[in-house]
Enquirer: 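Can you read through this structure? Questions will come right after.
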Amino acid sequence: MKKLLTLAGEIIATLALLMGILNQSSTVHASPIDCGIKMPPEYIASYSSDEISIMCGAAAQTRWNEIKATATPSPKQGTTVNSYDKTGGSTAALRDFNSMPGTAQTRDGGVLIKQYSDTGTTLTYYPKSTTTSTPTLQFPASDGIKVWDKIRYYE
């Protein structure tokens, strides 16, 4: 049964990839719930296996932890926020935002979000933070103590 489910998953992923290539889409959603095949738009016509990833379940939290690991804890910590610092400004912030699974939605003021139905969480990109005027990514904290993780991207 386990081999049959694995084979079914591989078939679904392959079909979803082919549909994405034929439809010129950079993200294709496949079963099971919250799985997707993500690749950069420049590789839609020419396949490159190093640039394609299949993301399922808690992939957003896993990827967020990878991004957070490349940031430095900020000396200024809030009571409800785990603060981190990175360099690279808006270019780095958008690169990290785009490396997270999911489809971006645009809000007022250039704010971008990605919502994850499997966990009920939301990733938010702020082009200019209200406290530091720097681009910022915000994601729910996973430490069980604080509410948010925020990474501020300085030039």
Enquirer: So, do Gln138 and Val81 sit near enough that their side-chain heavy atoms are less than 4.5 Å apart?
Expert: no
Enquirer: Between Lys68 and Asp149, which heavy-atom pair has the shortest distance, and what is it?
Expert: NZ-OD2, 3.1 Å
Enquirer: Is any side-chain heavy atom of Tyr126 closer than 4.5 Å to one of Lys150?
Expert: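 No, every pair of side-chain atoms sits at 4.5 Å or beyond.
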Enquirer: For a quick test of reading the model, state the closest non-hydrogen atom pair linking Ser90 to Glu155 and the distance between them.
Expert: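 Smallest interatomic distance, heavy atoms only, reads N-OE2, 4.0 Å.
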Enquirer: Do Leu123 and Ile113 sit in one hydrophobic cluster, given that two such residues count as connected whenever their side-chain heavy atoms are within less than 4.5 Å of each other, even indirectly?
Expert: no
Enquirer: A side-chain contact here means heavy atoms from C-beta on lying under 4.5 Å apart; do Gln61 and Tyr116 qualify?
Expert: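 Not in contact.
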Enquirer: Using modelled atom types and a 3.5 Å cut-off, is there a donor and acceptor pairing between side-chain atoms of Lys114 and backbone atoms of Met100?
Expert: yes
Enquirer: Evaluate Asn82 against Ile145 for side-chain contact (heavy atoms from CB on, under 4.5 Å), listing each step before the verdict.
Expert: CA-CA 9 Å; Asn82 295 312; Ile145 299 167; over 6 Å; no
Enquirer: So Ile151 and Trp64, do their side chains get closer than 4.5 Å, heavy atoms only?
Expert: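 Sidechains of Ile151 and Trp64: in contact.
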Enquirer: Measure across Lys146 and Ala141 and return the closest heavy-atom pair with its distance rounded to 0.1 Å.
Expert: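 That closest heavy-atom pairing would be O-CB, 3.3 Å.
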Enquirer: What pair of heavy atoms forms the shortest contact from Gly109 to Pro127, and how long is it?
Expert: O-CG, 3.3 Å
Enquirer: Using 0.5 Å steps for rounding, measure from the OG1 atom of Thr136 to the NZ atom of Lys86.
Expert: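 Rounded to the nearest 0.5 Å, the OG1-NZ separation comes to 12.5 Å.
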Enquirer: For Arg152 and Thr131, test the side chains for any donor-to-acceptor distance below 3.5 angstrom and give the result as yes or no.
Expert: yes
Enquirer: Give me the atom names and distance for the closest heavy-atom approach of Thr122 to Gln115.
Expert: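 Looking at all heavy atoms of both residues, the closest pair is OG1-CG, 3.7 Å.
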Enquirer: For the side chain of Thr106 and the backbone of Ala104, is there at least one donor-acceptor N/O pair under 3.5 Å apart?
Expert: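 No: the side chain of Thr106 does not pair with the backbone of Ala104.
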Enquirer: For the atom pair CG (Asn65) and OG (Ser142), what is the distance rounded to the nearest 0.5 Å?
Expert: 5.0 Å
Enquirer: How close do Gly89 and Tyr153 get, heavy atom to heavy atom, and via which atoms?
Expert: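 In this case the closest contact between Gly89 and Tyr153 is O-CB, 3.4 Å.
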Enquirer: Less than 4.5 Å apart, any side-chain heavy atom of Tyr84 and any of Pro73?
Expert: yes
Enquirer: Any side-chain heavy atom of Pro75 within less than 4.5 Å of one from Asp85?
Expert: yes
